[in-house]
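For clarity, every value in this text was computed on a predicted model and none was experimentally measured. Both counts, for ligands and for their atoms, begin at 1 and track the order of listing.
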Amino acid sequence: MRFFLPAALAGLLLSLAATVFAADEDGYDLWLRYRPLERAAQTTLKAQTRNIVLPGAPTPTTDAALAELQRGLKGMLGQAPATAATTVDGSLLLATPSRLPSLTAADAALRADLAALGDEGYLLRQTRVHGHKVTLVAANSDIGLLYGAFAWLRGAAIGGTAAASSAPKLQLRLLNHWDNLDRSVERGYSGQSIWDWWGLPEIKDQRYTDYARANASLGINGTVLNNVNSKPEVLTASFIAKTAAVADILRPYGIKVYLSARFSTPLELHETSTADPLAPEVQQWWKNKADEIYKAIPDFGGFLVKANSEGQPGPQDYHRTHADGANMLAAAVAPHKGIVMWRAFVYAPKGAHLADDRAKQAYEEFKPLDGKFAANVLVQVKNGAIDFQPREPFHPLFGAMPKTPLMMEFQITKEYLGYSTDMAYLGTMYEETLESDTHTGKTVAQTLSGMAGVANIGSDRNWSGSHFDQANWYAYGRLAWNPQAKARDIAAEWAALTFSPDRRVAGPIVDMMMISREAVVNYMTPLGLHHMMGTSHHHGPAPWVDNLERPDWNPVYYHRADRNGIGFNRTASGSNALEQYAPEIARQYADPRTTPEQLLLWFHHLPWDYAMPSGRTLWAELLARYDKGVADTRQLHARWVALKPLIDARRYADVEQHLTRQINNAVLWRDACVAYFQSVSGLPLPPGVQPPAHPLEYYKALRYPYAPGRG
Ligand code: GCW
């Protein structure tokens, strides 16, 4: 007799089972959880991993690969396979042509495939070697094997394909820590710095190794340990020793360490009489310093520099150019194959007069220097011309410096997108910038030689301050490996690895992630508005601020709202920042009607009654966007609540609380901005639009003296 369970009942039972078996998790394991697989998947995997074989002598990197495979298989299968030197049917074989010459000797196709992978790529395939059926992880180097091992484990965990081949599109894939030597983190919302400088070099937290594993799993191959607002002490002997200890831990994972260098270091340490980059004593000091560092860290990556920006010292203090400064440092590290990453985030020093638009400054300073930088200098450019706002058009320097290798700087930590309290999946934001057409024959992604992500990693148990902020670290790393990857695919992979490959779990989570950043844009800065946050801590709405020392620190400078209209005119009749883009873009954006709606008020100042494509006036549209931001945030919460039966109780509760907090944050932004813009426009709220909960004065009086992560 057949027995059919009614679908609803079956669903309920499944959910119950999931709840019972979903053990509480604290997030420490990130996307490397390796939880037990279903029985059928276990059987398949066991047959492929009866034995792990690594021909040739082990190295620290292959040790890391083998340890990870054993850890992963033990987690997923309940037991780790043997590692024997001889291949049998069902082996997992890790091989490079030099470790196993016979691998490619007779196989021209494999030889060609490997040749296309470069130093860091890998390929995975089910094949026969010496007559045995094996799962092959092949690469040209040990680091390629490590990357291949991680990729294979990823596939095993979520049921990915067994065959793959992949090589990074960018050579430099870095994290930038804005971590201070006292362990505070500028714009950090996940506890203290993971670098315990005080305890180093003797005390080496296990977390450093887990950090290396997580980054290597994404292909990140460099990390700048300290804040770009740097201190001279980081280049003294004791900190070099501490840095060397970290470098030793990260090295097997293919991760080089770099330091942020303060331009005036020798002067401030009283070891030279000036920091002028053309002074021989300064050049010599940096050469000696580089020699000292490379003695301790032979594969030290080089320096990252923030110069002549926000009060930091730089070559302009001596009437020299950014190129003079960068090239001087570049000469010091060049004999050791080091590089200099020179940031283009510059705006006039304190008190100086700024012409008419801060958005234009980086281009004005750097474009004329194209072709003037030494070969080992890269210019590191933020994704947009202002400062990591929830939405910015791509920076006009991309495509404008064809003779200079450029690095993209994204912010992973969410200084302007709700810290680690609000959910905003940044994969969509990164993708939007990377796929932008510069109209110089390349997308933004195609103009890049490297990528840097301002890390959101801290000492919090879950690393990133919230479970969903781990996704931004993940997405950044995957896009640094392949800037053409799709944000949705990355989200799907992350959700499956971090929560569950069960479609009922991963599907809705991906949908949440995909709307999350736009929700934040809408409740903070819709329609191309920008820079409306509170002073200094950058938390919460403050569009009314108009009294700061520099005009371009004031939100009113950016939105320019008055009785008649709102927006920053960056067309020819305004600041003409548009002129810095390719003519096609400049032409298209010159007219509000052909400007993408999401950037409208970035480029145009328009009357409140301007007719929007929706048929609404600009005023009504602005209000509708704020309301949509709040509504979508409520949606995020509702969708999460619906997932409760399928998520472990601990992570469920944690995310639920964050989303509740986010709703309050969204309402705060919406209400404060509506109250303020209404006070400026003098316009009534259209019928159906809810008035703010409090009068404007209430919002203006809010203070956050203890907000985290201050600069
Ligand atoms: O985003 C701004 C931040 C500063 C930061 C600066 C920069 C490290 O508010 O905290 O300083 O940019 O990128 O240099």
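Partners of Gln171 according to the side chain to side chain contact (heavy atoms under 4.5 Å, CB included) rule, which considers only residues two or more places apart in sequence or in another chain, do not exist here. For Glu518, the salt bridge (Lys or Arg N to Asp or Glu O under 4.0 Å) test picks out Arg391, with sequence neighbours left out. With sequence neighbours excluded, the residues forming a side chain to side chain contact (heavy atoms under 4.5 Å, CB included) with Leu267 are Thr272, Ala275, Tyr318, listed by chain and number.
The shortest distance between side-chain heavy atoms of Phe677 and Ile566 falls below 4.5 Å.
Ion pairing between Arg517 and Glu432 holds under the 4.0 Å rule for side-chain N and carboxylate O.
A distance limit of 4.0 angstrom between heavy atoms and ligand 1 selects the residues Trp178, Glu186, Arg187, Asn227, Val228, Asn229, Lys306, Glu310, Arg343, Phe345, Lys382, Asp387, Glu415, Tyr416, His538.
Side chain to side chain, Tyr416 and Asp387 meet the donor-acceptor criterion of an N or O pair below 3.5 Å.
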